[in-house]
Amino acid sequence: MTNILSLPNEVLETVGSYLDGLDLASFSFVCRRLHNVLNQDIIWQELIKTDKIHVAEQVKDFSESVLSEIKTLHDNDTVQLAQTSRYKLLYMIARKVRNNWKECNYKEGMIQHFSEDVRIGFSKEYLVALESGRMRAWSVRGKWIELLTTKPVNISLENPNQNVYQILISGNIAVICFTFSEQVVGSDFQHLQAYDLQNGCQLIWEKSGLLGTQYHVIRLLGSHLYILDLLMERVEVYEIGRTQPFPKIVLGQPQNSVRIPHGDMAASDKYLAVPGKKVPENSPVICCWNIQTGERRVLSPDRPVCPFRWFQKSAVKDDLIYGLLNRFRLIGWNGTDGQVVFSLDLTNSSPGDNEETFSWLEVGPDIVLTVHQDKFVVTVLSSYGKMLGKICPVLPDWCYDQESVSMVEEVCLTGLTAVIRILNYSMQKNSISCIILSADVTPVLEVLNHSEEGHASEVSLLAHVAAQHLEPLDSPHCQLLVTDTKVFDVQPLGIKFYDYLTTETRARVQDQEDLNS
């Protein structure tokens, strides 16, 4: 009988091509020769594509640190370790992170607030907490989190004439946005301060001369800062850096044509989408600018719409512009020519509905997540409006009581994982529960491939509870912040975070409740 090791390398590679990633890794650990044959970047690059593994920037950073540590040990002759393929390590770590999301397996941490009055700024790389007289900054990109600095600042959140209403983070720069008032209605103005997060939160520039938020609307979208001048009816586009910013381009529109903004804005490196109301009809539209050329288009619904509706949410992906008309209809336009690509009715909600509900629109590489007729379910669409299925949460039993109402408040898509936050109102207990769930949306891509081949099908995915807590009735709802490997749950007394890269074996919330019962 021929030993498998007597086979040529090409045959061993062919044998390995029939194995999935984990089996191939085990096969490569049998001996040094198999390790050398199967330790090729091209093999693992192909597996990353085949298995639809999302390799996040945080995973790349962690992988590089592991490779660096292996090299150091090898160079110092501390341990004789064989060199590992970079893409093999990326595959193994990224697949582990995906399974951790699927199994709700994480390590939990807590950042305590020093006071009840706090402002939070967040990006994929940094977290900033501002309290009266103190600013703290953390790096959240690596394994776990790292406190970068605690800096005294001459900012008081208790001053009634001064309000820090948002903290924007672009790259290594945090921009604190203030409003000041002289206690005369309409006379307030704004001031911006920029701090370098990599250099001890040093103040690097300031910008003033802006009127209040009713006249100047400031948003950070993607890599650009947008200042909407509602008096001049124009949008100034800035790039954020270490020096005083100047407009990269000024986007204009005809006077008294569209009132903006009237809904959540969105942008990419090419387009800016701003919901508004057309004058004088009061009909909902989206103003779309090409921020490279300044060209403007007004995107209108494909059929007449009640003037009491508006585009609550917008999104931009490649050349597609999306607008969510309340909880009623999702419309997609071609940003190049302004033509409607699809229009899909999602619910039967009416403009006069008084029931408190939430709207959300999350766009990924190939899919769109948005509202569903059932308020605790998420609709999954293709980028071009094809119905692919839905995400159904598996909630604790008490959420299904007759005197209990559950609804999705927020959805984030990180890689191929949907992170969902549901609020449950219990009339019997007079309480609100915040429930965080996660769902693997990889099966949707299979449905998408089949639909492109002409085989129509839909899939129902399950979202499992990762964490939950009670919310005080008299406090604002907590806030959900998500990176590719972490979830931050901003609560009144602190920030809980769940790290899916640094994990601890744990049971799902439902499993824990079963054990306790």
Side-chain angles (χ1 to χ4, degrees), residues 9-29 34-67 70 82-103 105 124 141 268-269 317-320 362-369 380-384 386 388-389 391 412-419 438-455 457-459 461 482-485 500-501:
N9 290 349
E10 294 78 5
V11 177
L12 293 176
E13 291 177 14
T14 302
V15 172
S17 67
Y18 287 93
L19 303 176
D20 70 8
L22 293 182
D23 290 336
L24 183 62
S26 299
F27 188 41
S28 69
F29 293 147
L34 286 176
H35 173 82
N36 292 334
V37 170
L38 302 175
N39 194 43
Q40 301 181 47
D41 281 348
I42 190 171
I43 295 176
W44 294 96
Q45 281 178 296
E46 187 62 31
L47 268 174
I48 288 174
K49 294 179 182 179
T50 303
D51 292 355
K52 298 178 177 62
I53 300 296
H54 173 66
V55 181
E57 291 299 321
Q58 292 91 335
V59 170
K60 292 179 182 178
D61 290 346
F62 181 60
S63 174
E64 289 300 320
S65 68
V66 173
L67 289 172
I70 292 174
Q83 290 295 325
T84 300
S85 160
R86 174 174 277 98
Y87 285 93
K88 178 181 180 180
L89 189 58
L90 285 174
Y91 176 92
M92 301 301 293
I93 297 174
R95 177 163 176 159
K96 177 63 176 176
V97 170
R98 186 174 77 176
N99 288 339
N100 288 338
W101 280 109
K102 186 186 301 185
E103 299 298 327
N105 184 25
K124 296 286 188 180
R141 179 163 174 165
S268 66
D269 290 337
K317 179 62 181 176
D318 298 327
D319 284 329
L320 283 173
E362 186 75 359
V363 177
D366 298 299
I367 62 175
V368 176
L369 305 181
V380 185
L381 307 170
S382 73
S383 298
Y384 292 90
K386 169 73 175 177
L388 300 178
I391 303 175
C412 298
L413 188 61
T414 170
L416 294 173
T417 299
V419 181
S438 61
D440 180 18
V441 299
T442 307
V444 172
L445 300 183
E446 298 296 331
V447 176
L448 182 61
N449 293 336
H450 291 158
S451 64
E452 292 175 351
E453 296 169 0
H455 306 294
S457 60
E458 296 181 13
V459 64
L461 305 177
V482 179
T483 73
D484 287 311
T485 59
Y500 291 80
L501 184 59

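Basis for what follows: all heavy atoms, side chains included, without hydrogens, waters or symmetry-related copies.
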May I ask you to test the [X]-[Y] pair for a side-chain heavy-atom distance under 4.5 Å?
X    : Y    : answer
T414 : T483 : no
V441 : L413 : yes
V59  : V97  : yes
E458 : V447 : no
E13  : V37  : yes
L34  : L12  : yes
D366 : L445 : yes
L461 : P443 : yes

Side chain [X], main chain [Y], donor-acceptor under 3.5 Å:
X    : Y    : result
R98  : K52  : yes
S438 : W101 : yes
S26  : L22  : yes
N100 : Y500 : yes
N39  : H35  : no
S17  : T14  : yes

Quick one, R86 with D41, criterion salt bridge (charged side-chain N to carboxylate O under 4.0 Å, His left out). Give me CA distance, side-chain angles, the key distance, then yes/no. CA-CA 7 Å; R86 174 174 277 98; D41 281 348; 5.4 Å; no

Answer yes when R141 and E57 have at least one side-chain N-carboxylate O distance shorter than 4.0 Å, and no when they do not. yes

Between the side chains of D51 and Y91, is a donor N or O closer than 3.5 angstrom to an acceptor N or O? yes

Would you check, one step at a time, whether the test side chain to side chain contact (heavy atoms under 4.5 Å, CB included) holds for I43 with K88? CA-CA 8 Å; I43 295 176; K88 178 181 180 180; over 6 Å; no

Other residues, nucleotides, ligands: >12 heavy atoms within 6.0 Å of K124 NZ: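 Yes, NZ of K124 has more than 12 neighbouring heavy atoms, counting only those of other groups under 6.0 Å.
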
Would the number of heavy atoms belonging to other residues, nucleotides or ligands and lying under 6.0 Å from OH of Y87 be above 12? no

Decide side chain to side chain contact (heavy atoms under 4.5 Å, CB included) for Y384 and L320; before the verdict, give the C-alpha distance in whole Å, the side-chain angles of both, and the deciding distance to 0.1 Å. CA-CA 9 Å; Y384 292 90; L320 283 173; 3.9 Å; yes

All heavy atoms of L24 vs all of L47, minimum pair found to be CD2-CD1, 3.5 Å

